[in-house]
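Here's the structure, in structure tokens; my notes come after.
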Amino acid sequence: MTYHPKSDFLDVMMARGFLADCTDYQGLDEALVAGVVPGYIGFDATAPSLHVGSLIQIMTLRWLQKTGHQPITLMGGGTTKVGDPSFRAEERPLLTPDAIDANIAGIQQVFAKYIDYGDGPNGALMLNNAEWLDDLNYLDFLRDIGRHFSVNRMLSFESVKSRLDREQSLSFLEFNYMILQAYDFLELNRRYGCRVQFGGSDQWGNIVGGIDLTRRVLDSEIYGMTTPLLTTSDGKKMGKSAQGAVWLNADMLSPYAFWQFWRNTADADVGRFARLYTELPVDECDRLGALGGADINAAKIVLANEVTALCHGRAAAEAAEATAREVFEKGGIGADLPTLALDRAEVADGISVVQLIVRTGLAKSGKEAKRLIAENGARLDDAPLTDAGLMLDAAALASPVKLSAGRKRHALVTLTD
């Protein structure tokens with residue numbers, strides 16, 4: 001569908017590639033033009049930090065506020081006790097209330113970097129759905145809310161259907177998740193006037209359920225908008241790197257390692273990621289993405305700097321660039337930094353990180369390298385290396401990779417053409 005929005009927010013969403021689908025383009029657009037629209041995204045507290053995979057959602061809320069509307073960040077203190085089954089092969093491990101609270105405290109640190117929680121007309125709200133979910137009476141909830149849901153329809157949602165089609169177990173606990181998420185939207189509309197829910201395209205069924213419930217119970221006109229589920233140009237899920245999840249909290253991943261992740265972006269992804277994860281003008285994002293040869297490397301540095309500045313501050317971005325230049329361009333940490341140059345043929349089928357540690361001289365044997373990893377003494381691009389079975393391919397080695405053993409022994413691995 002081609003729709004030409006009147007509101008600044010939808011214009012940004014379409015121009016920058018945020019919009020996958022919307023329940024009512026024109027209705028939402030008119031509401032955004034008419035006044036301040038509160039909109040929310042829910043984040044379950046399954047870890048002490050969010051990772052890069054959630055960044056598109058955070059940037060959606062940031063743009064909502066920058067275009068004059070009110071973002072609501074909803075912490076899933078209640079729904080985390082159930083676990084979202086969407087497109088998962090198995091049930092999430094259940095967390096204790098204390099663990100959930102600790103995770104929420106870690107996640108909340110991220111949002112203040114992107115969103116203003118001040119008292120202005122569009123100051124953001126930080127809420128927790130435990131506020132209304134923890135004290136629900138089960139029989140009342142079944143009678144007042146459950147009666148609005150068709151099991152036939154719930155079974156048709158792709159997130160549930162895909163699990164059942166693979167004959168993978170779906171517990172009754174998880175099956176309730178979509179009802180609880182729908183109830184969140186109803187309560188946010190009733191208590192805070194929330195008009196729109198955002199989420200990844202895998203949340204479409206849950207979002208539509210909330211809209212239908214709220215219309216039935218409160219007769220409110222509300223909307224849903226989804227963002228695309230992102231993968232990198234080589235098909236990998238966004239938010240993962242060779243070292244694991246790319247966390248947004250500095251205590252879980254250093255600003256330098258975060259910067260390095262973006263510096264290692266594939267050429268084909270530079271323009272798209274600049275539109276989604278920075279606030280550079282769209283024309284500039286397209287210009288950066290169209291560069292080739294050595295110039296694309298300069299574009300990747302711009303991308304890394306802009307994304308890191310938003311997440312960790314401009315000073316951290318500049319320090320990361322300076323460190324990278326020292327380490328990778330000037331040899332860093334001493335002019336005699338050992339470097340292992342690999343031919344592409346050597347990594348055609350991937351090469352194990354254990355083998356690289358041995359070949360760079362950081363360990364004398366594979367056994368010693370594995371022990372170094374097991375004892376948390378190894379690092380990859382300054383991030384903890386915990387997987388002794390990790391394989392690196394040509395894409396992972398497109399930019400020089402730094403291996404470290406302890407704090408003072410380092411080596412570079414490069415790929416020759």
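Index from 1, following the sequence. What's counted below: heavy atoms across the whole structure, side chains too, no hydrogens, waters or symmetry copies. Bear in mind that the values here come from a model prediction, so they are computed numbers and not experimental data.
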Non-hydrogen side-chain atoms of I115 and M126 separated by less than 4.5 Å: no
T214 and N189 side chains, donor-acceptor separation under 3.5 Å: no
Residue list, salt bridge (charged side-chain N to carboxylate O under 4.0 Å, His left out) with R16, at least two apart or on another chain: none
Output field: ring centroids Y192/Y40 closer than 6.0 Å: no
Residue pair E321, R263: steps toward the salt bridge (Lys or Arg N to Asp or Glu O under 4.0 Å) verdict: CA-CA 9 Å; E321 182 186 359; R263 169 61 182 83; over 6 Å; no
Minimal non-hydrogen separation, F185 against G210, with atom names: CD1-C, 4.0 Å
CA sep, side-chain torsions, deciding dist, call: E284, R275, salt bridge (Lys or Arg N to Asp or Glu O under 4.0 Å): CA-CA 9 Å; E284 175 64 6; R275 287 193 299 274; over 6 Å; no
Heavy-atom side-chain contact between M14 and P5 under 4.5 Å: yes
Heavy-atom closest pair, residues A320 and P255: CB-O, 4.3 Å
Distance-only donor-acceptor check, side chains T67 and D8, under 3.5 Å: no
Parallel, tilted or perpendicular: rings of F258 and W262 (30°, 60°): perpendicular
Any side-chain heavy-atom pair of I100 and T96 under 4.5 Å: no
Neighbour count >12 (heavy atoms, 6.0 Å) for atom CG, D349: no
Distance-only polar pair, side chains of Q203 and Q197, donor-acceptor under 3.5 Å: no
Evaluation steps, salt bridge (Lys or Arg N to Asp or Glu O under 4.0 Å), between K66 and E279: CA-CA 11 Å; K66 286 174 71 70; E279 293 177 342; 3.8 Å; yes
Candidate pair V307 and L55, rule side chain to side chain contact (heavy atoms under 4.5 Å, CB included), full reasoning: CA-CA 10 Å; V307 181; L55 197 50; 4.2 Å; yes
Expected output: side-chain T308 to main-chain N305 donor-acceptor under 3.5 Å: no
Note, L188 side chain near L127 side chain (heavy atom, < 4.5 Å): yes
Ring center gap for F43 and F111 short of 6.0 angstrom: yes
N103 versus T46, closest heavy-atom pair with distance: ND2-C, 3.5 Å
Donor + acceptor pair across side chains of W132, D184 (<3.5 Å): yes
N129 and T79: side chain donor to acceptor below 3.5 Å: yes
Check: G350 main-chain N/O paired with D393 side-chain donor or acceptor under 3.5 Å: no
More than 12 heavy atoms from other groups under 6.0 Å of NZ on K6: no
Modelled atom types, side-chain donor and acceptor of N122 and Q65, under 3.5 Å: no
Audit row: F18, Y277, ring-ring contact (aromatic ring centres under 6.0 Å, His included) steps and yes/no: CA-CA 10 Å; F18 281 85; Y277 300 117; 7.8 Å; no
Stepwise side chain to side chain contact (heavy atoms under 4.5 Å, CB included) test for Q57 and T227: CA-CA 8 Å; Q57 307 297 342; T227 55; 2.9 Å; yes
Validation row: L136, Y183 side chains within 4.5 angstrom (heavy atoms): yes
Flag side-chain contact, heavy atom, 4.5 Å: R379 against H410: no
Stepwise side chain to side chain contact (heavy atoms under 4.5 Å, CB included) test for I107 and S49: CA-CA 5 Å; I107 291 170; S49 171; 5.5 Å; no
Y117 side chain to T73 side chain, donor-acceptor N/O pair below 3.5 angstrom: yes
Ring centroid separation F198 to F9 under 6.0 Å: yes
Test log, rule salt bridge (Lys or Arg N to Asp or Glu O under 4.0 Å), inputs D283 and R287: CA-CA 6 Å; D283 289 349; R287 186 191 71 81; over 6 Å; no
Expected output: side-chain D381 to main-chain A383 donor-acceptor under 3.5 Å: no
Non-neighbouring partners of D140 that pass salt bridge (charged side-chain N to carboxylate O under 4.0 Å, His left out), sequence neighbours left out: R143
Test item: L415 and R344 side chains (from C-beta on) under 4.5 Å apart, heavy atoms: yes
Note, K113 side chain near L248 side chain (heavy atom, < 4.5 Å): no
